[in-house]
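Numbers for residues simply follow the sequence, beginning at 1. This structure is a prediction, so every number in the text was calculated from the model and none was measured. What's counted below: heavy atoms across the whole structure, side chains too, no hydrogens, waters or symmetry copies.
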Amino acid sequence: MHIGRLMISDPRRAERFGKRPAPNLPDYPKARAGFSWHSVRSDLDGLPGGRGLNIAHEAVDRHAVGSGAHRIAIRWLGKGGATRDVSYGQLRELTDRFALALRRLGVGMGDRVFVLSDRIPELYVAALGTLKNRSILCPLFSAYGPDPIRERLTLGRARVLVTTQRLYRRKVKAIRDRLPQLEHVITVGEPDRIGEPAREGDGGETLDFEEALRAPADGFAIEPTDPEDPALLHFTSGTTGAPKGVLHVHEAVLAHYATGKLVLDLRPDDVFWCTADPGWVTGVSYGIISPLTVGCTLIVDQEEFNAERWYGILQDQHVTVWYTAPTAIRMLMRAGEDVAERFDLTGLRFLASVGEPLEASAVRWGERVLGGPFHDTWWQTETGSIMIANFASAGVKPGSMGLPVPGVHATVLTRTEVGMEELRGAGVTGELALRIGWPSMFRAYIDEPERYAERFSGPWYLTGDLARIDEDGYFWFVGRLHDVIKSAGHLIGPIEVEDCLRDHPAVAEVGVIGRPDVVAGQIVKACVVLRPGYEENDALARELLAHARRRLGPVVGPKEIRFWKALPKTPSGKIMRHVLRAAETGSPPGARPSGNDSTHG
């Protein structure tokens with residue numbers, strides 16, 4: 001079925017929100033035809049004197065010259081109304097000082113520096129200072145408990161941990177004696193105590209962040225950095241066993257910069273807000289590196305989601321480009337359009353989403369309520385940056401992943417007796433694969449070379465996702481390989497069924513799985529969370545089944561509905577279908593094939 005595109009130039013949008021400038025990528029086919037990663041490299045500075053390529057230099061130092069030094073790099077919005085602006089010049093000095101502090105501790109190239117913190121300015125200083133020192137930045141999600149923290153610190157052979165005094169006392173202090181390789185813990189004071197030495201309760205076992213930064217960094221210079229030097233170590237969520245350590249190099253900055261400009265349409269005068277936590281790959285790639293390499297102002301909000309607060313930030317901070325998650329978009333939709341109408345959102349120029357497939361209704365809601373459609377993007381922890389996206393100039397196909405980024409060749413493959421074979425033609429479905437060679441491609445699963453090798457077949461990186469390509473070259477997410485339902489000889493992707501059910505006014509959330517069946521092999525079953533005001537009963541279940549079957553047909557439509565109070569999710573908000581399957585089959589929750597962490601599905 002052909003689904004039309006929503007164009008940024010929709011006259012209804014222009015009438016309400018005014019004319020928008022031409023996108024950075026005005027002609028998608030021409031950009032793909034003439035693109036080279038070498039040309040992107042020429043847009044960046046490189047270290048002075050031809051000493052290589054360093055992420056932090058491109059994100060901070062090259063902007064902190066002349067009048068650019070006074071431009072705001074980070075605007076922090078703290079709890080209780082606190083605010084703090086950090087200019088590019090200040091960020092350069094602070095990150096120099098942090099890098100120098102690591103050097104004084106004997107921490108150098110290749111050493112792993114973990115960061116466990118709320119969204120505070122010191123987190124960003126530590127992250128970029130670590131990269132300046134050529135050490136490896138390893139972010140952790142601050143909501144993790146002691147066990148996941150210990151596991152990742154151990155797997156990553158952490159030498160340094162930067163955290164807050166509160167998180168240290170609550171989550172690290174009790175496990176530190178089981179981390180013999182962890183030599184240094186640097187703690188940041190409480191928000192109302194920053195600048196004071198570590199609390200007596202730390203017993204002198206931690207170093208104070210402010211004290212570490214007191215020494216001047218006059219004459220500091222980033223040492224020669226090869227583009228292939230390791231830079232970033234991201235840990236997957238670990239929902240299928242031990243988390244994987246995904247390693248990226250400094251050359252990844254080429255993809256961060258290019259996709260920031262071409263996909264997110266960033267330019268230096270933008271105010272950009274990425275709502276992802278820096279404990280996740282999106283929060284580092286697009287919550288720190290990408291916007292800073294372009295030279296725009298980055299909004300950092302310390303508080304958690306609140307619809308009115310978020311709309312207030314978009315209005316009061318004059319946010320022009322917004323990158324957020326489908327879960328957050330759905331929560332805003334649930335809050336009601338009347339809430340959004342109380343705020344002036346005319347400054348928003350570009351909206352994008354990441355994390356899981358965004359249903360068509362949410363894309364259109366953005367067009368109607370916020371003034372523009374959400375441009376969904378697809379990538380993975382392993383790809384390091386956006387690979388497929390809906391572009392402003394090419395138009396949005398609601399519900400689709402979009403088109404491959406210039407410089408990225410994507411296709412779908414099928415397994416044959418002699419190996420993987422590329423599928424051709426409109427409408428074909430297969431395993432999504434990317435031709436190797438883009439700069440942000442991961443270089444290793446640490447300590448797991450065999451697992452790393454399994455992700456490749458000849459010139460292709462195998463994503464573990466199923467997708468189909470339509471007649472216009474747009475990609476459509478079908479599901480993870482292990483999530484696809486095989487029913488009576490048909491392959492059914494859970495995403496299509498979930499999108500359909502979410503369109504029903506009673507449904508707040510839904511996760512679709514395959515339940516074992518002796519006749520069909522599997523049948524489609526939907527686990528549904530209802531919106532307030534609706535009651536769980538057989539009549540509503542029949543109504544939902546009928547709604548889906550009318551839209552999808554009897555083969556694809558679910559055969560069973562089960563009501564849940566809440567669906568199991570990962571810390572990043574993705575529905576854990578393997579837990580739903582376990583509840584239906586009695587199998588252990590982790591009993592499913594392992595795969596890659598996708599920031600789309």
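- Annotation: Trp273 is in aromatic contact with Trp310 [ring centroid separation under 6.0 Å].
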Listed pairs under 3.5 Å, donor-acceptor, residues 549-556 side chains, sequence neighbours left out:
residue, atom, partner, partner atom, Å
Arg549, NE, Pro558, O, 3.3
Arg549, NH2, Pro558, O, 3.3
Arg551, NH2, Asp503, OD2, 2.9

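- Relative to the six-membered ring of Phe475, Arg468 misses at least one condition, a distance below 6.0 Å or an angle of at most 45° to the axis.
- Between Tyr286 and Trp379, the gap from one ring centroid to the other is short of 6.0 Å.
- Between Phe391 and His375, the distance separating the two ring centers is not shorter than 6.0 angstrom.
- Classification of the Tyr445-Tyr452 ring pair by plane angle, with boundaries at 30° and 60°, yields perpendicular.
- Atom CZ of Arg415 is surrounded by 12 or fewer heavy atoms from other residues, nucleotides or ligands within 6.0 Å.
- Closest heavy-atom contact between Asp470 and Ala426: C-CB, 4.0 Å.
- Using the six-membered ring where Trp is involved, Trp365 and Phe374 have ring planes that are parallel, under 30° apart on the 30 and 60° scheme.
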Given the rule in the salt bridge (Lys or Arg N to Asp or Glu O under 4.0 Å) test, do Lys565 and Glu536 qualify, once you have shown the distances and angles that lead to the verdict? CA-CA 10 Å; Lys565 298 299 183 185; Glu536 302 174 5; 3.4 Å; yes
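- Using a 4.0 Å cut-off between charged nitrogen and carboxylate oxygen, Arg157 and Asp447 count as a salt-bridge pair.
- Under a 4.0 Å N-O distance rule, the pair Glu560/Arg515 qualifies as a salt bridge.
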